[in-house]
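To start, the structure itself, in structure tokens.
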Amino acid sequence: QVQLVESGGGLVQPGGSLRLSCAASGRILGIYIMNWSRQGPGKQRELVATITSAGGSHYADSVRGRFTVSNFNAQNMAYLQMNMLKTEDTGVYLCNVKTPTRDNWGQGTQVTVSS
């Protein structure tokens with residue numbers, strides 16, 4: 001198993017930017033899919049962005065063009081760059097890594113977009 005810790009959340013005004021980090025306890029071996037999802041207040045968890053060990057990325061329609069996901073680097077850090085934030089982006093953001101045998105989750109980091 002790999003432990004994941006998200007950070008970088010906070011309070012930001014609409015139109016602002018924020019970069020979230022997902023720190024892994026070690027290098028993730030083999031094939032995997034890394035997901036960013038969010039849980040808004042009173043809402044179901046939704047998938048925001050994905051990136052594979054091969055480097056392919058996908059985005060939810062609601063964030064495409066505003067968010068950019070990057071894969072784990074040599075320091076075992078992955079990022080979600082969020083630009084042009086909207087109030088509806090508010091929620092707890094979670095980093096998730098799925099391998100053929102394991103499903104790893106972080107604790108989440110709170111993002112609040114408010115004026």
With the side chain counted from C-beta on, respond yes when Tyr59 and Val69 share a heavy-atom pair under 4.5 Å apart, and no when they do not. yes
Quick note, disulfide (SG to SG under 2.5 Å) partners involving residues 41-115, not counting sequence neighbours, are Cys22-Cys95
Are the side chains of Met34 and Ile28 in touch, meaning some heavy atoms are under 4.5 Å apart? no
For the hydrophobic clusters of this structure (ILVMFWY residues joined by side-chain heavy atoms under 4.5 Å, transitively), does one cluster hold both Leu94 and Val113?
-> no
Handout entry: Sidechain N-carboxylate O distance under 4.0 Å for Asp61, Arg64
Key = yes
| said: Could you go through Val2 and Val97, starting from their C-alpha distance and side-chain angles, then the distance that decides it, and tell me whether this counts as side chain to side chain contact (heavy atoms under 4.5 Å, CB included)? | reply: CA-CA 8 Å; Val2 175; Val97 173; over 6 Å; no
Contacts of Asn71 meeting side-chain contact (heavy atoms from CB on, under 4.5 Å) (sequence neighbours excluded), chain-then-number -> Tyr32, Ile51
side-chain hydrogen bond (donor to acceptor under 3.5 Å, both in side chains) pairs touching residues 14-28, sequence neighbours excluded, are Gln3-Ser25, Ser17-Asn83
Here the pair of heavy atoms bringing Phe72 nearest to Ala24 is CE2-CB, 3.8 Å
dist Ser57:OG -> Ile33:CD1 (nearest 0.5 Å) comes out at 12.5 Å
Quick one: do Leu80 and Tyr93 satisfy side chain to side chain contact (heavy atoms under 4.5 Å, CB included)? Show the steps, please.
-> CA-CA 10 Å; Leu80 180 68; Tyr93 282 70; 4.1 Å; yes
What I'd like to find out is whether the side chain of Gln81 reaches to under 4.5 Å of the side chain of Leu20, using heavy atoms alone. no
Q. Can Gln110 and Thr112 be counted as having a side-chain donor-acceptor contact under 3.5 angstrom?
A. yes
For residues 31-74, the disulfide (SG to SG under 2.5 Å) pairs (sequence neighbours left out) are none
Sorted by chain and residue number, the side chain to side chain donor-acceptor pair (under 3.5 Å) partners of Arg45 (sequence neighbours excluded) come out as none
So OG1 of Thr101 and NZ of Lys98: to nearest 0.5 Å the spacing works out to 13.0 Å
Are the side chain of Glu6 and the backbone N or O of Gln107 linked by a donor-acceptor pair below 3.5 Å? yes
Residues Ser70 and Ala78: closest non-hydrogen pair is O-CB, 3.5 Å
Would you say CD of Glu46 has more than 12 non-hydrogen atoms from neighbouring residues, nucleotides or ligands within 6.0 angstrom? yes
Rounding to 0.5 Å, atoms OG1 (Thr52) and NE2 (His58) come to a distance of 7.0 Å
Interatomic distance, CE@Met82 vs CG@Leu18, rounded to 0.5 Å, equals 4.5 Å
In terms of heavy-atom contacts, Met77 and Ala23 come closest through SD-CB, 3.3 Å
Those residues at least two apart in sequence (or on a different chain) that pass side chain to side chain donor-acceptor pair (under 3.5 Å) with Arg102 are none
Interatomic distance, OH@Tyr79 vs CG@Asn73, rounded to 0.5 Å, equals 5.5 Å
Taking the side chain as C-beta and beyond, is there a heavy-atom pair between Leu11 and Ser114 under 4.5 Å?
yes
query = Just by distance, do the side chain of Thr109 and the backbone of Gly9 share a donor-acceptor pair under 3.5 Å?
reply = yes
Kindly determine whether Arg38 and Asp89 satisfy side chain to side chain contact (heavy atoms under 4.5 Å, CB included), including the steps that lead there.
CA-CA 8 Å; Arg38 66 189 180 192; Asp89 294 320; 2.8 Å; yes
TODO: Return yes if a side-chain donor-acceptor contact under 3.5 Å exists between Asn96 and Asp103, otherwise no.
DONE: yes
Given Phe67 and Val48, is the side chain to side chain contact (heavy atoms under 4.5 Å, CB included) satisfied, shown in steps? CA-CA 9 Å; Phe67 290 14; Val48 172; 3.5 Å; yes
